[in-house]
Amino acid sequence: MPRFLAVYTMKPEDLASFRSRPKAEQDAIDDVGLEQWAAWESRNAASILDRGGMVGKTKRVTKDGVADAVNPFCGYIVVEAQSIEAAAQLFQDHPHITVFPGDGVDIMPFVT
């Protein structure tokens with residue numbers, strides 16, 4: 001069955017806005033979101049090959065060296081599905097975009 005990399009995206013300014021909320025409000029959103037995230041993983045367990053994880057600040061390596069970088073990537077997961085459309089459907093109700101300030105989930109097929 002085809003495998004897909006799903007990358008959670010979030011605009012840095014949306015994360016900053018979330019982190020500027022009172023701690024109690026952040027914690028309340030986290031409580032709801034993490035519970036829904038666990039439920040999402042449970043519903044889709046058969047499709048999840050690697051739960052992946054959330055990622056932090058970025059270093060970019062180029063021919064000119066290593067430097068700090070900013071991108072919208074905040075996590076990843078590897079899933080399998082019959083098609084890219086079916087993989088995308090798995091994320092329609094994902095709490096990354098329904099509870100947390102995530103702005104999307106990019107789905108890409110592994111081609112090798």
Undergrad: Supply the atom-to-atom distance D30 CG to E25 CD, rounded to the nearest 0.5 angstrom.
TA: 11.0 Å
Undergrad: Do I48 and W40 have side chains that get closer than 4.5 Å, going by heavy atoms?
TA: yes
Undergrad: Should the heavy atoms of other residues, nucleotides or ligands under 6.0 Å from CD of E35 be counted, would the total exceed 12?
TA: no
Undergrad: Taking V32 as the starting point, is it possible to reach I29 by hopping between hydrophobic residues whose side chains are less than 4.5 Å apart?
TA: yes
Undergrad: Compare every heavy atom of A87 with every heavy atom of A81, then report the nearest pair and how far apart it is.
TA: CB-N, 3.6 Å
Undergrad: Which of parallel (below 30°), tilted (30 to 60°) and perpendicular (above 60°) describes W37 and H94?
TA: perpendicular
Undergrad: Group every Ile, Leu, Val, Met, Phe, Trp and Tyr by side-chain heavy-atom contacts under 4.5 Å, then state whether L15 and M54 land in the same group.
TA: no
Undergrad: Would a hydrophobic clustering, with Ile, Leu, Val, Met, Phe, Trp and Tyr connected at side-chain separations under 4.5 Å, put V55 with F100?
TA: no
Undergrad: Would a single hydrophobic cluster contain both Y8 and F18, if residues Ile, Leu, Val, Met, Phe, Trp and Tyr are joined by side-chain heavy-atom contacts under 4.5 Å?
TA: yes
Undergrad: Any heavy-atom pair between the side chains of H96 and C74 that's under 4.5 Å?
TA: yes
Undergrad: Quick check: is M1 connected to V78 through a chain of hydrophobic side chains (ILVMFWY, heavy atoms under 4.5 Å apart)?
TA: no
Undergrad: Can you find a pair of side-chain heavy atoms, one from F4 and one from I77, that are under 4.5 Å apart?
TA: no
Undergrad: Any side-chain heavy atom of R60 sitting closer than 4.5 Å to one from T62?
TA: yes
Undergrad: Quick one: does S42's side chain have a donor or acceptor within less than 3.5 Å of a partner on A39's backbone?
TA: no
Undergrad: Please confirm whether the backbone N or O of R21 pairs with a side-chain atom of Q26, one donor and one acceptor, at under 3.5 Å?
TA: yes
Undergrad: Under 3.5 Å, is there a donor-acceptor pair between the side chain of T9 and the main chain of P72?
TA: no
Undergrad: Is any side-chain N of the basic residue among D93 and R43 closer than 4.0 Å to the acidic one's carboxylate O?
TA: yes
Undergrad: Between K57 and D68, does any side-chain N to carboxylate O distance fall below 4.0 Å?
TA: no
Undergrad: Could you tell me whether the side chain of F91 reaches within less than 4.5 Å of the side chain of I97, counting heavy atoms only?
TA: no
Undergrad: Would you name the heavy atoms of V70 and P12 that are closest together and state the gap between them?
TA: CG1-CG, 3.7 Å
Undergrad: Could you point out which residue of I84, V7, L5, L90 forms a side-chain contact (heavy atoms from CB on, under 4.5 Å) with I107?
TA: I84
